[in-house]
Each structure stands twice: as C-alpha cells, then as structure tokens.
Amino acid sequence: MWTHENIANMKTQLRRLGMSYDWDRELATCDPSYYRWEQLVFIRMFERGLAYKQRSRVNWCPSCQTVLANEQVENGRCWRCDSEVVPKEIEGWFFKITHYAEELLAWCDRLPGWPERVLTMQRNWIGKSEGAEFDLPVAGLTDLAVTIFTTRPDTAFGMTYAVLAPEHPLVDTLAMDEQERARIAAFRQEVGRESEIERTAADRPKRGIRLNARAVNPFTGEEIPLFIADYVLMGYGSGAIMAVPGEDQRDWDFAKQHGLRIIATVKRPDGWQETQAYLGDGVKINSGFLDGSTVEGAKRTAIDWLVSKGIGRSKVNYRLRDWGISRQRYWGAPIPILYCETCGMVPEREENLPVVLPQDVQISGKGDSPLAEVATFVNARCPKCGGRARRDTDTMDTFVESAWYFIRYCSPRYEQGMFDRSAAEYWMPVDQYIGGIEHAVLHLLYARFFTKVLRDLGMIKLDEPFAALLSQGMVIKDGAKMSKSKGNVVDPDDMIRRFGADATRLFTLFAAPPERDLEWTESGVEGASRFLNRLWRFVQAHGDEIRAAGRAPGDLSDAARAFRRVIHHAIARVTVDVERDFHFNTAISAVMEMVNALHEFERDSLDRVAAAERAGLVREAVETALLLLGPVCPHMTEELWQALGHGESLFRQAWPAADAAALVREQVTVVVQVDGKVRSRLTVDVSAPEQAVREQALAEDKIRPWIDGREVAKVVVVPGRLVNIVTRS
RNA sequence: GCCGGGGUGGCGGAACUGGCAGACGCGAAGGUCUCAAAAACCUUUGAGCGCAAGCUCGUGCGGGUUCGACCCCCGCCCCCGGCACCA
C-alpha cells in the first residue's frame, strides 16, 4: 500500500515536471509477477552453487535490524540509515560474486563509455592482488602447517616471525595448555569488543600475543615465533601472514614493539636510515638463492622454488567478498527455499512460484525476520516428499531486484519467463545509463554481476548491461548534499508553482553539466524564468508579424546575414552539445545567445533591413529557438508554437538542421599579435591569401610602433585566426 | 600511503585539435520609467595603472617545451571521491 502510494506520488510529480517516460513499460519490482523470475533465477543459482547458505560473521545494522552486504557499509556505517554497523555471527544466503571477480575486473578495461572514476572505484573494490600462498610447517608437529598469503614472496628470507588472525581456526589446535587457551580467549575478547570503526582507525598500535608453538621458515629452515595479532584479518587471504619487518611497515611496527629481529632482504639506497621498512625496489641480499636478482625476478624464482618443493603456488587474491543477500526485513522477494524434516534444504518447485510475501506482517523488531512470525507463511509442504517443511524467512536484498529490472523493461508484460529473449537481445545493452555516483560499487556492480549470471545460465547473450554510463552529480544546496535529513530539500511542487515546470527544468539543466554537482540557487531559477518570460513577451509582441511572415529572401543584407549566422550557429552548437556530451548547459547558453541577438536584431534593424527580410528572419529565429528549447521547456514552447498558428505539435517537427551556407562567413576578424601579445585586429576576407594577410598585418598602424626598430624574425599565420609577428631586437 | 577526479572573476560555469581567457547565467554598481516601489529596459562589471588612447598583470605554485600553454611535459601545494593494518 505504502509503496503504491509512493509510486503514485512520484508519478504525479514526474508528470508535473513534464517528464516523458514510456509508462507502458512501467513495472513494480515489489510485484510478485516481477520477483517470481528472480526466485527462479535464485533456484538456478542455488543448483549451480552460485547461491549458497553459510554461517558467518556479517555486518549487522542494529537500527534496520538486518544484515548488510559489504558494499552497503560506508565507513562502518549503514548506507541507508547511517547507524554504526556491528559484527554478528549469523546464517545467511550469499551470491558468489567472487566467482566473477576476474571477469568483472577485466571488463572494466572494456567499458569506454563509463566514467573513469566509477571504473576506478570498481577496480579498487574488487582489489586484485597477485602473490603466493605457501605452508609454514609448525615446529615439531609434522602434519600441521600454517598457510600464508604474501604479495612479496621474494622477501621470504626476511621472515622472522609469522602471525595468525585471532579468529583463525588453527589457533585452537596450536594452543598447548589451559593457561595458553585462557590467554588466547582473553585476547580474542579484547579484539572482538571493538566496533568496526575503532578497528579500522588509522595508526592504531598493533596488539598481539605470542603463542607457544613455533613455525619453520621453509626458505631458511629456521624456527620462528608465531603470534596472533589484531592487524591480521581472517577475512583476507588465508588469515595468516609471514612477517617481514624489513620490507613491510606493519610488520616493522609490530617487530619494534615486541623486540623481534629485522633482516633487510633488499639493498637499500645510499643514505637510507633504518627507521622504517623499505618498500622500494633493489637488489636482493641476505636471501640465499635469490641474492643478486631484482625484486620482480626474485618473486618468480621464489614461487618456482615453492612449486618445486610442493609447498606453495602462485595465488591471486581479491578483496571482493561474496554478496550477502539475506535480509531480515518485511520487503524484498522471499527466498524460495524450504527446510524439510526428512529432505533437508529444498528449493521450491518452479510451478509453485512465486513465493509471495505475506500481507499483514507484524514488525517485532526482535532481529528475526518478521516473516518468521507468520505461521501461514512458514509452515508449508516439502516440494519433494510432501512432508512438513518450514520456509526460509529471509528476504532478498532489494538490490537483487534492481539488478535486472532494465532487462525486464525490454518485455515488461512477458509471462513465459523472466524476459522475452529476442526483445532483450534486441534492446540490450542499455545505450546510455544514468545514475548517481553513490551506486558505483552497489547497484552498478550487482547489475554487472547479475547480467553475467543470466548469461551463464544460458538465458541471454550479453556480457555487460550498460554500454555507456553517465554518473550525475548530486544536488547541493547551502554547501551540503540535498537530503531530507539535512532539511535543505527543495520541493519541486513549490518550484513549479512559483516559477513553472519549464523554468525549473531550464535552470536544472543550465546550472552545470550533468556529471557535476548541481548547486541549487533560487536566483538561478529566477534567471531562467526571466529568460523564458522575455521570450514569451517577444513572441506575444511579434505574433502577428511572425504569422504573416514568409521565408526570408535568399539574398540578405549584411546585418541580416550576420544574424542568420547566429541562428544557425545555435542549431549546430545545441545539436553537438546535446548529442555528443549531454552538455545541456552550453546548449542552453547558445540558445540564450541567439535570443539575445534576436532582441538586438529586432531593435537595431528597423531602419536598416527591409520589412520582409526582417519578419522572415524573426520568424526563423523564433521558430528555431522554440524547436531547440522544446525538449528543455516543453510546455511553453508548445504553447507558443501553437500560438504562431501551427496546427501540428512542436514535438512532431523534425529537429532543425544547421544550414551550412548560413554558417559561412565572407569576412573574419583576425587577431594580430606581436610576440604573442594582441596588438590589433584585422577584418579580412576568408579567402584572402596568407601572404596578403601577413602584409596587411605588418602594415597596420597599431602594429608598426611595436616592430619599428626591431627585426621581424618570423611571422606565424593561422588562417582565419591570427597573425603572430615574432621579433628579435 | 595507493588509485581516480579537480583547482579559471564575488558565485555557477564557458573556452572545439595548443591560437582573442572569462561565453551564458547569477550577483553587484549606475541609469531610464514611476509619487514611490516591484517588474521591465539600458550601461558597466577579472585586477592594477591611466584624463584618454592604451599599458601591465592574470587560469593553485615553481620550472620546461612552443612563435604561442587553462590545454602538453617535469616537480610541488591544496580540495573532493574511492580503497586501506588487504599481507
């Protein structure tokens, strides 16, 4: 209900602003007829292991009472409500987006229509790092080893200790007695107490405790101490590291605190002070068989050695984590999985889809899904054996719904499947997608992932959903992003009431190019309104003249020809700006220039231009202005268009084409510079030969004093632009 | 720290492929109309100097390339965004 009311309000507002959407393709993602296909895809993904359930530590928003995906946490806070996120151990569903990490990354180089900053954000988020993984045997325990990941296998000879994440499962095995177990438990508690925000605060002293067990550095055969420390995270790599304090700043800090040995394995540059780790390039030293090679070479040699010994391999790690999609909310598509007492976890049968979100749900706020309270929903029959079964009570992240709606748009009423394949393959990919930058690693990443999943399920031949992306800026008012919580929102209805939809639209497009933030100022809207009023009044005042006017004659006076050039220049400019760059701001300014010139022409031409010529040009200018401005200010332009006696709508007219002949100039102004400084201007025929222009420039009265007594070393002539006279004293 | 984007008048922003920096709009100042105000219209509006013609300076800072640099190159500074004890 609430959702449908919101949709209705939003539609009213969009209509009021005169937005032309194809409402025939409208769809609601909360409609079971939409999300049933999502449930079907979920089942397909489940069958292929792309959707799986796992108990793990997740991000929990205590205010929304739900799990959040990593992408939905910003600086330790919920993207939606800004509350501090806490860790919580919970069972939930995940989509295996990590399976596509490499492809998602690789395609970042094949999306030339996307802004660089969005691609950068996605690359950062995926966070590929290449290195090696290998085992450190635990001293005295032949069958036990700690697997570590490093990007610097070349520094292995400098490994003077190793560190496991506090939560690392091996830690329990390594603990030797009750006393040590107690120390570990105490340390874990200390670390676990901290919030995400505290834990990620920069420059925090590294804490850790030493284990009784020791490991062996396989490169040197030496025994080294083992630690657990808070600076090693279970969620990345293998949750354990080799520590090389000589070449890693974190290890250096920790080693200094605990009095551990530091070995340099790369030759330092001259004058290097041993006050920090050395991260640069250089020749390997103190590194056995790696000595003498470069860092890059040593990395390869070290990996080859690990492989030959059978204890390690090269390894690529990604920062990207699987997409946690379970939500404990009362919206989003239900997860179509049942738990049968005899068959276990079973997906719903396809013919039983959709699993519909029940109505009349009580919100308990207990941290459980509200659906768990609805007996008629929870209790069901096993699709396999018909016995008693329980439904999964989580719903899918609503980002799943938005991850494919654009494909549904291609055939919104299609009932035989998620989409009509031929329609989808005809329309997709989206030629030009538009969205806010805040979705750089949310929606835009999920949509790319989901598209690839659909492709691999054999449903569509499509690698990427969006060929080109325009990421618009935010609306800024009084120095802050416009938002309800900041209380600085502008009510569109209020703007429309006071200035009209056209002026509101005109200002919005005029104030800045779309990819930049838009600074909202009321005086700017007033300015837009002023411009439109001026045009309105002009057309009212000249209506009769325009309606009576014929076409302007072919042979025009100079003044008329100059003005006609402005008209056609505007057409050319607007066409290019809009079609190529979406730079409506410069397009609009070109129309404003043209309209300004129109006022001037009307004022100054009375005694200089013949009446027929004048009326013809005024008509051409006004009609062109209306056509060019039509998409921006549809209401007023259509009304004026009709007022000028046109029976057919403005929006049924062809887009104007610039008359190449009108753009031609017979004469141009050429700047004359002496040593790069503008000293004079010349008006010359466009066809004037270079030599003549040069001579004319040199002969100029204003130029002579600047070159008298100096030797002219060189004269640069740029046809139609400038003459630069270079002198030597 | 790494990666990306930026830095141009009082403000939002223009400047096409290296060729007149500041288009267009806002704001401001002065004027016309008016008893007055609003609206509208006209003029001025990068800084400095000058009666003027005009001159000098000027696109974050310092260098460089070039006849010529907001634009290209090198070295910095600052702002915004992303990532970050990620091994």
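Below, chains carry the letters A, B, ... as their sequence lines are ordered, and counting in each starts from 1. Quantities reported herein were computed from a predicted structural model and do not represent experimental measurements.
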Result for 5'-nearest mapping on RNA chain B, choosing between Ser523(A) and Asn724(A), is Ser523(A)

Relative to the ring of Trp323(A), is the ring of Tyr446(A) parallel (under 30°), tilted (30 to 60°) or perpendicular (over 60°)?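 Answer is parallel, since the angle falls under 30°.
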
So which of residues 122-133 of chain A are in contact with RNA chain B, with a heavy-atom cut-off of under 4.0 Å?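 Result for residues 122-133 of chain A: Asn124(A), Trp125(A), Ser129(A), sorted by number.
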
Contact residues, residues 525-537 of chain A to RNA chain B [heavy atom, < 4.0 Å]: Gly527(A), Arg530(A), Arg534(A), Arg537(A)

What nitrogen or oxygen pairs link the protein and nucleotides 69-72 of chain B at under 3.5 Å?
none

Counterpart residues, side-chain hydrogen bond (donor to acceptor under 3.5 Å, both in side chains), relative to Gln249(A) (two or more places apart):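 Partners of Gln249(A) under the side-chain hydrogen bond (donor to acceptor under 3.5 Å, both in side chains) test: Asp253(A).
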
Where RNA chain B forms stems, i.e. three or more consecutive Watson-Crick or G-U pairs with both distances under 3.5 Å: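 Expected stems, ordered by start: B:1-7 with B:77-83, B:10-12 with B:24-26, B:27-32 with B:40-45, B:46-49 with B:54-57, B:60-64 with B:72-76.
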
N or O in side chain of Arg679(A) less than 4.0 angstrom from U56(B) OP1/OP2: yes

Treat primed atoms plus P, OP1 and OP2 as sugar-phosphate and everything else as base, then score nucleotides 11-17 of chain B 5' to 3': B for base contact with protein heavy atoms under 4.0 Å, S for sugar-phosphate contact only, - for none. -BSSS--

With rounding to whole Å, what would you report as the distance between [N] and [M] at their [atom1] atoms?
N: C80(B); M: G31(B); atom1: C1'; value: 43 Å
N: A40(B); M: G50(B); atom1: P; value: 38 Å
N: G62(B); M: C71(B); atom1: P; value: 13 Å

Does Arg268(A) CZ have over 12 foreign heavy atoms under 6.0 Å away?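 Yes.
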
